[in-house]
Number of protein chains: 2
Amino acid sequence: MNLAVATLNPSDSPQPLYAQIRDQLRRQILEGGYSAYQQLPSEKSLMGAFGVSRITVRQALSDLHSEGLVFSAQGKGTYVSRPKAVQNIQRLQGFGEAMAAQGYAASARLLGFQERRPPRAVSEALGLATGEEVIEVTRVRYLNQQAVCVESSYFPLTIGRRLFGLDLSGDIFPLLENRLGIALGAADIGLESVRCDEAAQRHLSLGADEPILRVERLTHDRNGRPIDFEYLRFRGDSFKYQFRVERK
Amino acid sequence: MNLAVATLNPSDSPQPLYAQIRDQLRRQILEGGYSAYQQLPSEKSLMGAFGVSRITVRQALSDLHSEGLVFSAQGKGTYVSRPKAVQNIQRLQGFGEAMAAQGYAASARLLGFQERRPPRAVSEALGLATGEEVIEVTRVRYLNQQAVCVESSYFPLTIGRRLFGLDLSGDIFPLLENRLGIALGAADIGLESVRCDEAAQRHLSLGADEPILRVERLTHDRNGRPIDFEYLRFRGDSFKYQFRVERK
DNA sequence: CCTCCCTACTTGTTATGACAAGTTATAAAC
DNA sequence: GTTTATAACTTGTCATAACAAGTAGGGAGG
């Protein structure tokens, strides 16, 4: 491996040390600096290489561990996991971010942007008072020029109105973070298999009986307040959701 | 809250301190000792209540955090997440374990147990040499007396043969752990929506065009060696996969 | 009354140190 | 040669300590 690139940013860096180390190791792993099942340098070596204490190294490794990129065996060492076509979706990512990470070209086409009374399920998920309106954003998602997903996103008015006029041809998450200054936290995701509905038939040019992967996603900010509820409907034949879980 | 039950097992306990604290807090949260958005005791209070250091408290909280049970805000405190109908599936669980945690009665019926040449995808996933045989276990899963899932599991011969004669009417994970002494690690999961196949039609009594949620699961032991590859086919109308991810 | 500041709380990050527990290779004993 | 013991590694767990950074409340000053 190459630990010559063990340079951390100066102390005025916005990123904590463990995050810099984590990101550097992650990049090396993903970019092929390591082969599958190869042993990482020991925690002691990393301490020396980066000039930090063990607790900092372990926090970086702990993150990679929960991302499924590495695993450890007591007494032996820490190893790189077998590379997966789709590595961890343990991070909350937009469709575009996730696809870009795998080298696909993703885009979106805006179908509608309007203020409306939401369906009851949406109202409940966002924790809104009955009658309170939302901003609905409807889009079609493309992967390599093929339409693969119809997406309906619902935002509370205070957030949704600020999205008006922004470029909605990519992921919305970066807009929320960088343009609106909202720090994203966790998201609850639900997946089920359903039959094609009318909107999906039209926009994804599908037959009536085609299977659809229906994803519900409720995204929260870092303080646990819900800020975005979405329905995503993927073509069954062109999307597969992959991730990793641990026994613990 | 009730910190009167802040008793940890004696030092000869098999569980580390942070795990005991984590499990105790998790139980209190899940059993309704806390309401949504209620603040947990501060790390300092927990240190005193359990008589441990801050690093131990934080490790317990960190686990709950990644399970989505709590979230933290710097300067304010740690709070209980809004309760979800389906809490985190971030832990690797068998179908029975997951359903039992939600108060459902789950069971399984064995359809077949045989030694055979696996499909190529299975052979690749398990990392077997071409021509190497496996044990295939086929079962139907029931939820409240209704058939909801057809399951095909593939084990390497050395593991699969030891399952012969054991009670396969429940989850296999506990058998692997307790009877065969295999420590489970992480699992890679893939989800997609497909049309009903012939076996699913017969065992789940479905029509030909019904949507099916198809789950692939490759389970590893704690050393990263693959030990079980499964195909699960769920009725689309009676199963929904839910979990939580973080932005990080 | 309103504003500003300071204090006291919270969680976040990091250091140093220690011992336990598991693995591996070497060296000693048989 | 084979077995056993040991030493030298690894990761796992836990303690104590300090400072940074964010929040909330109270008090001083306008």
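Below, chain A is the first sequence line, B the second, and so on; all start at residue 1. Small disclaimer: the values here were computed from a predicted structure and weren't measured.
- Here C:dA15 presents its C1' atom at 13 Å from CD1 of A:Ile21, a figure rounded to the nearest Å.
- Atoms CE (B:Met47) and C1' (C:dG12) sit 15 Å apart, rounded to a whole Å.
- For B:Ser42, a side-chain nitrogen or oxygen approaches OP1 or OP2 of C:dT10 to under 4.0 Å.
- Taking CD1 of B:Ile159 as the reference point, atom CD1 of B:Ile227 lies at 5.0 Å (rounded to 0.5 Å).
- Bounding nucleotides for the chain B contact on DNA chain D, 5' to 3', at a heavy-atom distance below 4.0 Å, are D:dT13 to D:dA24.
- Ring geometry, A:Phe229 versus A:Tyr154: the interplanar angle falls from 30° to 60°, so the pair is classed tilted.
- The shortest distance between the side-chain N/O atoms of B:Thr78 and the OP1/OP2 oxygens of C:dT11 is below 4.0 Å.
- Residue B:Leu64 contributes atom CG, which lies 16 Å from atom C1' of C:dT11 at whole-angstrom precision.
- How far CD of B:Gln74 is from CZ of A:Arg222: 10.0 Å, rounded to the nearest 0.5 Å.
- Following rounding to the nearest Å, B:Gln39 (CD) and C:dC9 (P) show an atom-to-atom distance of 14 Å.
- A donor-acceptor pair is defined here as one N or O able to donate and one able to accept, closer than 3.5 Å; such a pair exists between the side chain of B:Arg139 and the backbone of B:Gly170.
- Applying the side chain to side chain contact (heavy atoms under 4.5 Å, CB included) criterion to A:Tyr37, with sequence neighbours excluded, gives A:Phe71, A:Arg82, B:Pro226.
- Residue-to-nucleotide proximity on DNA chain C shows that, of B:Leu61 and A:Ala19, the 5′-proximal contact is made by B:Leu61.
- Contact annotation: A:Thr56 side-chain N/O to C:dA15 OP1/OP2 distance is under 4.0 Å.
- Within the 4.5 Å cutoff, the side chain of B:Asp221 has no heavy atoms near those of the B:Leu176 side chain.
- Here the side chains of A:Thr78 and A:Ser72 are in contact, with some heavy-atom distance below 4.5 Å.
- Here C:dG12 presents its P atom at 12 Å from CZ of B:Phe71, a figure rounded to the nearest Å.
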Nucleotide N/O to protein N/O under 3.5 Å, stretch nucleotides 16-18 of chain C:
from   : atom 1 : to      : atom 2 : distance (Å)
C:dA18 : N6     : A:Arg54 : NH1    : 3.3

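- B:Glu43 has its CD atom 12 Å from the C1' atom of C:dT13, to the nearest Å.
- Here the side chain of A:Gln39 pairs a donor or acceptor atom with the backbone of A:Lys76 at under 3.5 angstrom.
- Between B:Phe50 and B:Thr56 the shortest side-chain heavy-atom distance does not fall below 4.5 Å.
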